[in-house]
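Note that these values count all heavy atoms, side chains included, but never hydrogens, waters or copies made by symmetry.
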Amino acid sequence: MDPMEKAGWTPLPHSDEDLERARSAPDTPQTRSPTYRLAWNDEEFMTRRELRPVRLQLELLKPEMILAERGIRSTVILFGGARLPEPGGEAWAAKNETQKKNLEANSKYYDEARKFARLCSQHSATTYYREYVVVTGGGPGVMEAGNRGAADVGAPSIGLNIVLPHEQAPNIYVTPDLCFNFHYFAIRKMHFVMRAKAVAVFPGGFGTMDEFFETLTLIQTGRMERVPVILFGKSFWERALDLDFLAEQGTITPGDQNLIDYAETAEEAWGFIQRFYELA
């Protein structure tokens with residue numbers, strides 16, 4: 001093909017070409033100096049505090065470009081506790097017998113998250129995996145269950161991992177080329193909601209509640225379109241959150257509680273989504 005006809009052709013050298021040329025430069029005191037490195041290929045420079053705005057932009061752009069290239073138009077979010085074990089698995093996060101008993105009892109939600117992700121992914125297959133693609137935080141517990149459910153039916157799924165003080169590798173069920181890593185929580189949260197057609201929230205702790213309330217705030221304030229927000233485990237959430245009390249106190253509008261649906265099973269949750277979007 002004529003170079004002039006190539007997509008993205010430019011008479012100027014591409015950055016990858018100049019990167020190779022810079023690497024092949026003669027080894028001299030000048031070329032060894034950090035100042036000689038191409039700015040965008042200089043880790044010490046790119047991690048300077050003054051470059052934070054650039055890093056924020058890059059973390060927004062990289063997943064956005066890759067998801068767009070894959071043709072992924074909408075997602076279903078699964079939020080939930082990293083500490084919930086698979087049924088029969090070890091409650092590794094338990095600090096005492098009470099926590100062990102409760103985590104093991106709540107392991108049923110691992111199964112429901114896995115089933116729910118299967119249902120979403122089976123519908124996603126009818127759109128050539130462009131719509132209703134499962135997205136999780138990429139970690140263990142409920143997140144693992146979500147990615148695993150998609151993998152059960154041969155579907156791709158997204159994992160939005162984040163660098164934490166303790167080691168956290170992505171779970172093995174995330175589609176490798178849809179596995180992202182973030183430094184900034186804020187940008188990660190943006191990627192969760194930018195394509196979300198539904199939000200399923202399973203029992204969890206501070207992180208789960210943070211993500212849940214941020215999404216709910218966006219909907220309540222009209223900054224995000226109304227989408228199904230489904231809490232799994234009504235008995236858990238009614239103990240953890242008293243939304244009726246907030247309404248009585250006047251700190252939320254009466255009726256804001258209705259932004260949420262409760263489900264006990266994957267089939268019930270998928271039914272909310274089917275009815276909301278009038279899916280077959």
Side-chain angles (χ1 to χ4, degrees), residues 75-121 133-186 188-189 191-192 199-215 230-241 262-266 269:
T75 58
V76 177
I77 307 172
L78 275 73
F79 290 139
R83 305 179 184 204
L84 265 63
E86 179 181 3
E90 179 190 0
W92 55 269
K95 304 301 183 188
N96 52 54
E97 283 303 311
T98 300
Q99 287 196 343
K100 182 176 184 294
K101 181 187 74 172
N102 288 330
L103 285 169
E104 288 174 354
N106 284 328
S107 69
K108 64 184 178 182
Y109 295 112
Y110 182 107
D111 260 357
E112 293 305 325
R114 186 174 175 183
K115 292 175 189 174
F116 177 69
R118 282 190 208 131
L119 292 172
C120 296
S121 298
V133 178
V134 166
V135 58
T136 80
V142 167
M143 296 173 279
E144 176 187 286
N147 296 117
R148 187 176 182 179
D152 286 341
V153 292
S157 67
I158 303 164
L160 305 180
N161 218 235
I162 190 155
V163 179
L164 297 174
H166 54 277
E167 183 178 353
Q168 179 182 292
N171 71 70
I172 62 172
Y173 302 103
V174 180
T175 301
D177 59 355
L178 293 175
C179 188
F180 302 96
N181 201 16
F182 290 85
H183 173 65
Y184 296 107
F185 264 105
R188 179 175 180 254
K189 288 177 183 176
H191 279 294
F192 270 124
V199 183
V201 189
F202 295 80
F206 290 156
T208 300
M209 292 186 184
D210 173 49
E211 292 157 341
F212 163 57
F213 274 112
E214 182 130 12
T215 306
I230 305 158
L231 295 182
F232 273 77
K234 190 171 185 179
S235 61
F236 174 91
W237 289 108
E238 285 188 334
R239 285 286 306 277
L241 308 170
Y262 293 95
E264 300 302 322
T265 67

Phe232/Tyr109 aromatic ring centres below 6.0 Å: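 Here the rings of Tyr109 and Phe232 have centres that are no less than 6.0 Å from each other.
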Without swapping roles, check the side chain of Asp111 against the backbone of Pro87 for a donor-acceptor pair under 3.5 Å.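 Answer holds: no.
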Asn171 side chain to Gly138 main-chain N or O, any donor-acceptor pair under 3.5 Å?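 Checking the backbone N and O of Gly138 against the side chain of Asn171, a donor-acceptor pair under 3.5 Å is found.
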Once you round to the nearest 0.5 Å, how far does [atom1] of [X] lie from [atom2] of [Y]?
X	Y	atom1	atom2	result
Phe202	Ile230	CZ	CD1	8.5 Å
Asn106	Arg83	CG	CZ	13.0 Å
Lys108	Thr265	NZ	OG1	11.5 Å

Determine whether the side chains of Tyr262 and Glu238 contain a donor N or O and an acceptor N or O closer than 3.5 Å.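 No, Glu238 and Tyr262 have no side-chain donor paired with an acceptor closer than 3.5 Å.
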When Thr136 is tested against each of Val76, Ile77, Thr75, Leu78 for side-chain contact (heavy atoms from CB on, under 4.5 Å), which residue passes?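 Only one of Val76, Ile77, Thr75, Leu78 forms a side-chain contact (heavy atoms from CB on, under 4.5 Å) with Thr136, namely Leu78.
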[Y] and [X], any side-chain heavy atoms less than 4.5 Å apart:
X	Y	result
Glu144	Ile172	no
Glu104	Gln99	no
Phe212	Leu231	yes
Phe192	Val199	no
Pro85	Tyr110	no

What closest approach, in Å, do [X] and [Y] show between heavy atoms, and which atom pair accounts for it?
X	Y	result
Gly149	Ala117	CA-CB, 4.0 Å
Asp152	Arg118	OD2-NE, 2.9 Å
Gly81	Thr208	N-OG1, 3.6 Å
Val174	Cys179	CG1-CB, 3.6 Å
Pro156	Thr175	CA-OG1, 3.2 Å
Tyr173	Ser157	O-OG, 3.8 Å

Could you tell me whether Glu211 and Arg188 make a salt bridge, using a distance below 4.0 angstrom between a side-chain N and a carboxylate O?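 Looking at Arg188 together with Glu211, the answer is yes, because their closest N to O distance falls below 4.0 Å.
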Going by an N to O cut-off under 4.0 Å, is there a salt bridge joining Glu112 and Lys115?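 Looking at Lys115 together with Glu112, the answer is yes, because their closest N to O distance falls below 4.0 Å.
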With side chain to side chain contact (heavy atoms under 4.5 Å, CB included) as the criterion, how do Phe79 and Thr215 come out once you've worked through the C-alpha distance, each side chain's angles and the decisive distance to 0.1 Å? CA-CA 11 Å; Phe79 290 139; Thr215 306; 3.9 Å; yes
Run the side chain to side chain contact (heavy atoms under 4.5 Å, CB included) check on Phe182 and Asn161 step by step: do they pass? CA-CA 6 Å; Phe182 290 85; Asn161 218 235; over 6 Å; no
What's the verdict on salt bridge (charged side-chain N to carboxylate O under 4.0 Å, His left out) for Glu86 and Arg148, showing C-alpha distance, side-chain angles and the deciding distance? CA-CA 11 Å; Glu86 179 181 3; Arg148 187 176 182 179; 3.1 Å; yes
Do other residues, nucleotides or ligands put more than 12 heavy atoms under 6.0 Å from Lys100 NZ?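 No, because the 6.0 Å sphere around NZ of Lys100 holds 12 heavy atoms or fewer from other groups.
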